[in-house]
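Worksheet: the structure to be examined is printed underneath.
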Amino acid sequence: MLHQLNTQQREAVKYLDGPLLVLAGAGSGKTSVITQKIIYLIQQCGYQAREIAAITFTNKAAKEMQERVSQGLDKENSKGLTIATFHSLGMQIMRQEAAHLGYKAQFSILDAADSYKILADILATTDKALLRRLQWQISQWKNAFISPDQASANATEEGLVAAAKLYQRYQQTLKAYQAVDFDDLIKLPVELFEQNREVLNKWQNKLKYLLIDEYQDTNQCQYRLVKLLTGPEARFTAVGDDDQAIYGWRGADVENLNQLTQDYPRLKVIKLEQNYRSTARILKAANHVIANNPKLFEKKLWSEHGIGDVIQISAAQDEEHEAESVVMKLMAHKFENRTQYGDYAILYRGNHQARVLEQHLRNHKIPYTISGGQSFFDKAEIKDIVSYLRLIYNEDDDPAFIRAATTPKKGIGNTTLERLGDYAKQHQLSLFAAAFEGGLQSELGGRQLEDLLTFCRFIQRIQERASKDPAAEVLQQMLEAIQYEAFLYDSEEPRQAEIKWKNVSEFIQWLCRKATDEDGQERDLLSLTQMVALMSMLEDKNDSELDSVKLSTLHAAKGLEYGHVFLVGVEEGILPHRESIEHDKVEEERRLMYVGITRAKKSLNISWCQKRKRAGEVEICEASRFLAEMPADDVRHFGGNATQNQEESKASGKARLAQIKAMLSRTLIPILNS
DNA sequence: CACTCCGGGATTTTT
DNA sequence: TCCCGGAGTG
């Protein structure tokens with residue numbers, strides 16, 4: 001296995017003398033290094049699998065790594081290996097050490113929507129902008145380890161004082177629900193480790209080697225967790241690329257790369273500069289563009305692949321023309337090169353840019369898939385079911401209680417919930433616990449109380465079974481008992497209901513699969529439930545096998561590669577985005593451009609619009625400054641200032657399309673008819 | 001007064 | 001696409 005690696009990769013795998021930073025350029029085989037190193041540690045260095053943890057940012061990355069490790073390692077040897085996201089590792093720590101943190105082991109994990117709602121409830125407001133700002137502020141505080149007390153002590157302006165107060169109430173609410181948010185999953189373990197030497201030692205002894213993927217995306221909190229876990233010996237390999245740091249806006253701190261060199265003077269740095277993905281021209285363009293950023297570490301990608309096609313830069317009249325031109329070029333290219341739709345990707349800065357592209361792809365009957373979109377777990381019907389699971393898992397989870405108790409309707413209305421809520425608050429109880437209190441009888445009518453208790457007893461019955469009976473069976477019976485399917489058909493249009501029910505069934509099937517897979521050991525409903533909160537994408541199965549053009553934001557395309565890439569809307573104001581220009585964040589935008597360029601293996605087509613509709617007005621646009629940073633020898637411009645050029649290229653595109661259509665009808669239609 | 005329908009506008013997104 | 005806000009209706 002090791003012989004397949006190049007010198008630097010092999011060095012990175014074998015280096016064990018101290019902390020190691022691997023600067024892995026785009027397409028330089030960083031995942032191979034991590035997976036090979038895991039295998040190396042186990043097979044050659046006497047490490048036990050359970051002493052090693054590889055940490056990623058997304059479930060997808062974790063899954064991919066898991067698969068690649070198991071290709072090189074038999075089951076026996078990989079048993080106990082941790083390949084997890086930061087959040088999932090944090091959850092594992094918290095589950096085991098919950099008592100130290102004042103939590104029970106079965107705590108709930110709230111997603112962003114849940115915490116948003118809690119804030120909205122506390123403030124009794126619907127002001128979206130305000131709530132989002134506050135949510136962001138609280139998250140910032142958490143990442144910087146500022147407690148509510150410290151926050152209010154430091155707050156100078158009025159707004160911050162109020163926000164700090166809210167932060168405090170928010171934390172109290174979470175505790176009352178026995179719930180944590182995503183930030184807490186990292187922050188609480190860090191706090192525990194800092195306060196409790198014994199627990200820290202335990203974990204340091206347990207995890208002897210750490211590998212961290214996408215290190216440039218870590219935030220302060222995550223870095224601190226790594227530092228604590230790896231201890232003074234600093235047995236870790238961090239793999240990252242400062243040129244691909246594009247998540248600064250959500251708290252990732254590229255400075256963490258720099259920080260490593262300061263915190264660990266003996267840090268070894270290995271650069272992976274050989275690229276196995278793109279042609280020389282594409283890499284040259286990427287290098288040229290990124291050279292305009294100040295850099296922490298000098299790095300230049302090269303490849304053994306040929307020079308490749310010239311990079312095309314086209315100026316389009318407007319978005320419509322751009323989309324049409326992209327589609328025509330794509331069709332022509334596909335026809336001439338006998339490629340598949342799946343070899344193409346169209347990348348853009350903002351989600352809304354996909355709309356016009358979709359329209360044109362549809363017009364030409366080109367299959368496409370849009371990456372991202374709303375997550376499966378954000379769908380209302382899934383959240384409904386999950387709320388039952390959460391409540392079964394942790395009956396103190398009041399948000400789950402409210403959702404489950406009212407969906408489908410079961411005679412528990414707003415007044416009942418309000419009175420129950422008041423009572424619960426007065427007696428410092430969760431809604432679930434309060435329902436069983438004798439004192440509640442005076443507050444509620446007989447019928448109301450009866451409905452409430454029926455629901456709670458129902459939950460209790462499932463709770464009892466959840467840890468004994470097979471998960472699949474309990475789930476199925478629960479679904480039937482709450483009559484969710486009937487509820488969907490009662491409250492939705494038949495078509496909608498059908499789709500939603502299909503989603504629910506898919507979710508249940510997925511859960512059931514999870515209940516038995518991997519080591520063949522049965523998982524009960526309870527242990528299944530705790531993982532649901534951290535899973536967000538299970539729609540990973542069919543989308544890569546489908547032969548379709550991929551539409552994606554630049555952010556969502558990171559880590560992926562495509563034969564032929566169209567990069568659209570490369571204008572001042574879009575890429576770099578206007579907001580980013582105003583807030584002096586152009587460097588991150590340039591990295592985004594860099595990520596876009598380096599997704600391409602064989603060809604790269606960049607386009608921009610000379611005019612664009614914006615706020616009702618037609619706006620004149622300028623080509624992105626990044627285009628001027630491309631190497632002149634390797635690009636060819638189409639369209640541009642001379643209108644006739646544009647007409648020409650449009651006309652030639654149209655002629656080409658007509659030609660292709662004619663050919664298609666000659667070649668394809670007979671086949672279809674036969 | 002509340003709900004629906006239509007049109008316009010849009011950073012980026014994971015856990 | 002999705003979300004929000006304004007206008008129009010029951």
Side-chain angles (χ1 to χ4, degrees), chain A residues 55-63 84-92 94 108-115 126-129 132 135-136 139 142-143 180-187 213-214 217-219 221-222 225 244-252 319 347-359 361-362 368-380 530-538 540 551-559 569 571 573-583 585-586 588-593 595-596 612-617 619:
Chain A
I55 310 176
T56 62
F57 273 84
T58 63
N59 290 314
K60 201 171 148 196
K63 201 180 153 195
T85 61
F86 264 105
H87 295 270
S88 149
L89 178 68
M91 182 190 78
Q92 285 171 43
M94 274 206 63
S108 296
I109 297 165
L110 302 183
D111 63 20
D114 292 318
S115 49
T126 53
D127 185 337
K128 208 184 150 184
R132 257 208 257 144
Q135 200 175 17
W136 179 83
S139 181
K142 287 190 175 186
N143 274 323
V180 298
D181 62 20
F182 287 132
D183 294 325
D184 286 338
L185 282 175
I186 320 280
K187 184 188 164 238
D213 190 21
E214 304 279 13
D217 287 340
T218 50
N219 61 28
C221 225
Q222 288 158 339
L225 183 64
Q244 290 187 74
I246 54 174
Y247 284 108
W249 51 274
R250 65 176 200 214
E319 280 179 286
L347 308 180
Y348 38 81
R349 176 65 230 259
N351 271 314
H352 62 277
Q353 292 174 266
R355 203 192 108 252
V356 58
L357 291 163
E358 266 186 276
Q359 228 164 47
L361 287 165
R362 249 201 306 261
Y368 65 86
T369 36
I370 302 188
S371 84
Q374 88 284 35
S375 155
F376 193 74
F377 282 80
D378 283 340
K379 294 177 197 293
Q530 56 155 327
M531 46 180 279
V532 169
L534 293 182
M535 292 299 206
S536 62
M537 32 168 139
L538 69 153
D540 44 10
L551 297 187
S552 171
T553 62
L554 287 163
H555 283 93
K558 192 171 81 148
E571 300 139 40
I574 304 262
L575 182 67
H577 197 273
R578 211 160 84 249
E579 300 280 315
S580 299
I581 297 172
E582 278 162 22
H583 295 97
K585 296 267 186 334
V586 174
E588 184 153 312
E589 299 286 306
R590 187 174 283 111
R591 292 193 286 266
L592 214 39
M593 179 77 185
V595 167
R612 183 180 286 272
K613 263 179 278 174
R614 192 174 206 130
E617 301 285 302
E619 198 176 76

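Everything numeric here is computed off the predicted structure, so don't read it as measured data. A, B, ... follow the sequence lines: proteins, then strands. Residue 1 opens every chain.
- B/dT14 sits 15 Å from C/dC3 when the P atoms are compared, rounded to a whole Å.
- More than 12 non-hydrogen atoms from other residues, nucleotides or ligands lie less than 6.0 angstrom from CZ of A/R362.
- For A/D183 and B/dT15, the CG to P distance is 14 Å, given to the nearest whole Å.
- Taking 4.0 Å as the cut-off between side-chain N and carboxylate O, A/E214 and A/K558 count as a salt-bridged pair.
- The pair A/E588-A/R591 counts as a salt bridge, with a side-chain nitrogen and a carboxylate oxygen less than 4.0 angstrom apart.
- If you measure from atom CG of A/L347 to atom P of B/dT13, you get 12 Å, rounded to the nearest angstrom.
- In this entry the distance linking CG of A/D213 with C1' of B/dT14 reads 14 Å, nearest Å.
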Atom pairs, N/O to N/O, protein against nucleotides 4-6 of chain B, distance under 3.5 Å?
none

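- Rounded to whole Å, atom C1' of B/dT13 lies 10 Å from atom CD1 of A/I246.
- Between the side-chain ring of A/H577 and the base of B/dT11, a stacking contact exists by the 5.5 Å and 30° definition.
- Between A/N351 and B/dT13 there is a side-chain N or O to OP1 or OP2 distance below 4.0 Å.
- Look at NZ on A/K558: it is 11 Å from C1' on B/dT13, rounded to the nearest Å.
- Across the protein-nucleic acid pair, A/R250 atom CZ and B/dT14 atom C1' stand 5 Å apart, rounded to whole Å.
- Between B/dT12, C/dT1, B/dT15, one nucleotide has an atom nearer to the side chain of A/E358 than all others, and that is C/dT1.
- The closest side-chain donor-acceptor pair between A/S115 and A/Q135 falls under 3.5 angstrom.
- Rounded to whole Å, the distance from CD on A/E579 to P on B/dT11 is 6 Å.
- Take A/E571 and apply the side chain to side chain donor-acceptor pair (under 3.5 Å) test, not counting sequence neighbours, and it matches A/R612.
- Closest to the side chain of A/R355, from the set C/dT1, B/dT15, B/dT14, is C/dT1.
- Residue A/I186 contributes atom CD1, which lies 11 Å from atom C1' of B/dT14 at whole-angstrom precision.
- No option in A/D184, A/D181, A/V180, A/D114 other than A/V180 meets the side-chain contact (heavy atoms from CB on, under 4.5 Å) test with A/I109.
- Remark: ring of A/F57 not stacked against base of B/dT14; the cut-offs of centroid gap under 5.5 Å and plane tilt under 30° are not jointly satisfied.
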Under 3.5 Å, which protein N or O atoms sit close to an N or O of nucleotides 3-7 of chain C? Give each pair with its distance.
unit_1 : atom_1 : unit_2 : atom_2 : d
C/dC4  : OP1    : A/K128 : NZ     : 2.7

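- In this structure, A/F57 has its ring center at least 6.0 angstrom away from the ring center of A/H87.
- Between A/S580 and B/dT11 there is no side-chain polar atom (N or O) within less than 4.0 angstrom of OP1 or OP2.
- Rounding to the nearest 0.5 angstrom, the gap separating the OH atom in A/Y368 from the CG atom in A/L357 is 10.0 Å.
- Here A/L592 contributes atom CG and A/R590 contributes atom CZ; the two are 12.0 Å apart, rounded to the nearest 0.5 Å.
- Shown here for A/A354 and A/Y348, the closest heavy-atom pair between the two residues is CB-OH, 3.4 Å.
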